[in-house]
Student: 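My structure is below; once you've seen it, I'll send some questions.
Note that these values count all heavy atoms, side chains included, but never hydrogens, waters or copies made by symmetry. Protein chains get the first letters and strands the later ones, always in sequence-line order, with residue 1 at the start of each.
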2 protein chains.
Amino acid sequence: MMLKFNEEEYRKNLTKQIEYIAEGKKIADEIAKEGYKNIFFVAVGGTIAMMMHFAEIAKEYSSVPVYTAQAGELVLAGHKQLTKDSIVIMGSKSGDTKETVAAAKWCNERGIRVASMVIDPTSPLGKESKWCIPLATFFGVEYEYLNIMGVFYGLLANQGDFPKFDTFYQQIQDKLVDGLVNVQKNFDDRANAIAKKYWNTDYQMWLGGGELWGEVYLYSMCILEEMQWMRTKSVTTAEFFHGTIELVEKDVCVFLVKGVGKYRPIDDRAEAFLSKYTDELNVIDVAEYMVPGFDKEFEALISPIVSTALLNGRLSKYLEHYSGHDLNTRRYYRQFEY
Amino acid sequence: MMLKFNEEEYRKNLTKQIEYIAEGKKIADEIAKEGYKNIFFVAVGGTIAMMMHFAEIAKEYSSVPVYTAQAGELVLAGHKQLTKDSIVIMGSKSGDTKETVAAAKWCNERGIRVASMVIDPTSPLGKESKWCIPLATFFGVEYEYLNIMGVFYGLLANQGDFPKFDTFYQQIQDKLVDGLVNVQKNFDDRANAIAKKYWNTDYQMWLGGGELWGEVYLYSMCILEEMQWMRTKSVTTAEFFHGTIELVEKDVCVFLVKGVGKYRPIDDRAEAFLSKYTDELNVIDVAEYMVPGFDKEFEALISPIVSTALLNGRLSKYLEHYSGHDLNTRRYYRQFEY
């Protein structure tokens, strides 16, 4: 019996969200018909972190420039590349995140088109969006990645940059639900052991790079800091070597989330170094837990979903269990105005 | 008598580097003559952090897309927007930073033009660069900002995006040297007091945003972590509200570096919150130390130089003094191969 894992509901929600990829693709087709010169991802916190994955993938795939912008910053200074010819992809699960709603309004006032990930199309963000990309459920970053995949890879497909859209989508439909259930099961014991050992550390370093950097940034800031009040330092694996490395000592707890894409050699370098200089290294290698049945070239695209199943799906639940600190408890956020 | 401050040498080096802005402008003119479709900043660690400032300014000023890329990542996956029509601006003070030299080679193999900030044009990076932008001296991030200013604002001027180049440069020539000497003097006592109180804290949070985010990222990672082995968490002021905020308690040490540009309202919001919920808030407000004599619109462009004079120029020296930990001591970096 796995802690806080409702397999039936997980399967149902994933299946639903995977169906919604077709909706995202349709929206992409409409946007492509209208035309656009660049793509902006605009959100805050966990949502912009999740979107960083797509901006990273864009470097390799997209012939059209792709940017990310923090919603709270965007409305203050604008961005010269953001014009009526842009398409802005936003998201807020609650649909009422202050900065994101303000950014959507800001875009509308300038005639800039917004497509948003929302659960409720009648929410403030939903109302400010020309297109609503349906999100099946609130808890679980898996659904958010899948939500964006339809519109993002749909746009790339329309650009001629991702001709294998149908194959990719077919493999998601065929393999992902069973695959993710197994990811959670396969990591469950280890998540328990990690949480038991490290739930009470005074400091953790979290490393990851490329298409998993958003994951690591999100997990460190929005889960460990926000939901468990644990002190962390997240840094890209590539940048780790240029500063944070000096903090490594035998008893310093380091998590390295290893990717399966082109940046893996950097992760390998970090692992080789860290395994010598700390006794508290935890390598969470997405390759070890990879959902089988995907073409090699799709593995990096699926990797953040696997990573979030490991970290958010499993590790968080056990951290909550050992710390006794409910993941929904907040000191400040949405507790009062500030 | 200020700690480790050689005014004569500081004036001499600054004057030299300010002269070099004209060299950077000449390089920009040549590049503009040849033409380019976008600008890439490529480096690692403190150098890419310093360059982030210019990418941030570009959002507001540049009609041409501007990107940053971490050198170690770039060579592994490339970037679809990086082509022969790009101009790549790199930098390495030593001229031999492994990842940056490799990235310059990678660019050359693809016929992509590189302009680099180097002290020694015969260094490995210098040799791989079509243009060398002269850097007067090794220690002091002021020189690095000034180094990039010539080529960056020169390119913007050529694009028609910064018609006031000459006015800006004139004010730098007229005001900056005396101004920065005074910045150091004005902050000296406070730097001493801050260092005395906080040199031995087990954790510090560092906040800053927009055109100062690179500064805060750099100071946290490349100075406090790398040179003082202090645990830090740096986060943009805008993102602070979406996770890290929950770690604030009465005794948590927080540094907020306030900017003078369009993002200042976010800094104000953070200050209002933090002043209520921690007793250990340190606001380092660049506005308070601003070099006088610049047009209002230029203040944000000068702000990282002021910030680095405060932080690297003064605070670091006192941290070193109280900790007894020489800023040049490293456990790992450049101590052996890894």
Student: Do you know which of B:Ala69, B:Ser63, B:Gly78 has the most heavy-atom pairs with chain A at a distance under 4.5 angstrom?
Tutor: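 Of the candidates given, the most pairs with chain A belong to B:Ser63.
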Student: Need one label for B:Thr244: side chain, backbone, both or neither, based on atoms under 4.5 Å from any heavy atom in chain A.
Tutor: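 Answer is both: backbone and side chain atoms of B:Thr244 are under 4.5 Å from chain A.
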Student: Taking side chain as everything from C-beta outward and backbone as N, CA, C, O, which of these in B:Met230 sits under 4.5 Å from a heavy atom of chain A? Side chain, backbone, both or neither.
Tutor: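 It is the backbone, since no side chain atom gets that close.
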Student: Less than 4.5 Å to any heavy atom of chain A: does that hold for the side chain of B:Phe240, its backbone, both, or neither?
Tutor: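 Neither part, no heavy atoms under 4.5 Å.
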Student: Please flag which part of B:Thr237 lies under 4.5 Å from any non-hydrogen atom of chain A: side chain, backbone, both or neither.
Tutor: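 Neither; nothing under 4.5 Å.
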Student: Given a strict heavy-atom distance threshold of 4.5 Å, which part of B:Ile223 is in contact with chain A: side chain, backbone, both, or neither?
Tutor: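 For B:Ile223, no heavy atom lies under 4.5 Å from chain A.
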Student: Between OG1 of B:Thr232 and CG of A:Leu247, what distance do you get to the nearest 0.5 Å?
Tutor: 7.0 Å
Student: Taking all non-hydrogen atoms of both residues into account, name the closest pair between A:Glu246 and B:Trp229 and its distance.
Tutor: OE1-NE1, 3.4 Å
Student: Does the pair A:His242 and B:Tyr333 meet the rule for a side-chain contact (heavy atoms from CB on, under 4.5 Å), with working shown?
Tutor: CA-CA 8 Å; A:His242 296 279; B:Tyr333 192 62; 3.7 Å; yes
Student: Among B:Val248, B:Thr236, B:Thr97, B:Val66, which residue forms the greatest number of heavy-atom pairs with chain A at distances under 4.5 Å?
Tutor: B:Val248
Student: Between B:Ala238 and chain A, with a heavy-atom cut-off of 4.5 Å, which part of the residue counts as in contact: side chain, backbone, both or neither?
Tutor: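 The answer is both parts of B:Ala238.
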Student: Using the rule given for side-chain contact (heavy atoms from CB on, under 4.5 Å), can you reason through A:Val252 versus B:Arg231, listing the C-alpha separation, both sets of side-chain angles and the distance that settles it, and then say yes or no?
Tutor: CA-CA 11 Å; A:Val252 173; B:Arg231 291 174 179 183; 3.7 Å; yes
Student: Applying side-chain contact (heavy atoms from CB on, under 4.5 Å), run through B:Tyr338 and A:Arg269 and close with a yes or a no.
Tutor: CA-CA 8 Å; B:Tyr338 48 79; A:Arg269 185 182 177 214; 3.6 Å; yes
Student: Where does B:Val75 contact chain A at under 4.5 Å (heavy atoms): side chain, backbone, both or neither?
Tutor: neither
Student: Hey, could you give me the CD/CH2 distance between A:Glu73 and B:Trp213, rounded to the nearest 0.5 Å?
Tutor: 10.0 Å
Student: Given heavy-atom pairs under 4.5 angstrom as the criterion, report whether the side chain, backbone, both or neither of A:Leu82 touches chain B.
Tutor: neither
Student: With a 4.5 angstrom heavy-atom cut-off, which part of A:Ala272 approaches chain B: side chain, backbone, both or neither?
Tutor: neither
Student: Quick one: pull up CD1 in B:Ile48 and CD in A:Glu239 and give me the separation to the nearest 0.5 Å.
Tutor: 7.5 Å
Student: Quick one: NZ on B:Lys233 to OG on A:Ser234, what's the gap to the nearest 0.5 Å?
Tutor: 4.0 Å
Student: B:Met227, B:Glu60, B:Lys276, B:Met221: which one forms the most heavy-atom pairs within less than 4.5 Å of chain A?
Tutor: B:Met221
Student: If you count heavy-atom pairs within less than 4.5 Å of chain A, which of B:His79, B:Glu99, B:Lys262, B:Arg331 leads?
Tutor: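 Among B:His79, B:Glu99, B:Lys262, B:Arg331, the one with the most close pairs to chain A is B:Arg331.
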Student: Yes or no on side-chain contact (heavy atoms from CB on, under 4.5 Å) for A:Ile266 and B:Leu76, after CA distance, side-chain angles and deciding distance?
Tutor: CA-CA 9 Å; A:Ile266 302 176; B:Leu76 293 177; 3.5 Å; yes
Student: Against chain A, label B:Gln70 side chain, backbone, both or neither, depending on which of its atoms sit under 4.5 Å from a heavy atom there.
Tutor: side chain
Student: Between B:Asp161 and chain A, with a heavy-atom cut-off of 4.5 Å, which part of the residue counts as in contact: side chain, backbone, both or neither?
Tutor: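 For B:Asp161, the side chain is the part near chain A, not the backbone.
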Student: Most heavy-atom pairs under 4.5 angstrom with chain B, which of A:Ser62, A:Cys222, A:Gly72?
Tutor: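 Winner by heavy-atom pair count: A:Ser62.
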Student: Any chance NZ of A:Lys296 has more than 12 other-residue heavy atoms, nucleotides or ligands included, within less than 6.0 Å?
Tutor: no
Student: Out of B:Arg330, B:Glu225, B:Met205, which one racks up the most heavy-atom pairs below 4.5 Å with chain A?
Tutor: B:Glu225
Student: Any heavy-atom pair between the side chains of B:Pro65 and A:Gln81 that's under 4.5 Å?
Tutor: yes
Student: Please confirm whether the ring centroid of A:Tyr332 lies under 6.0 Å from the ring centroid of B:Phe273.
Tutor: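 Yes; B:Phe273 has its ring centre under 6.0 Å from that of A:Tyr332.
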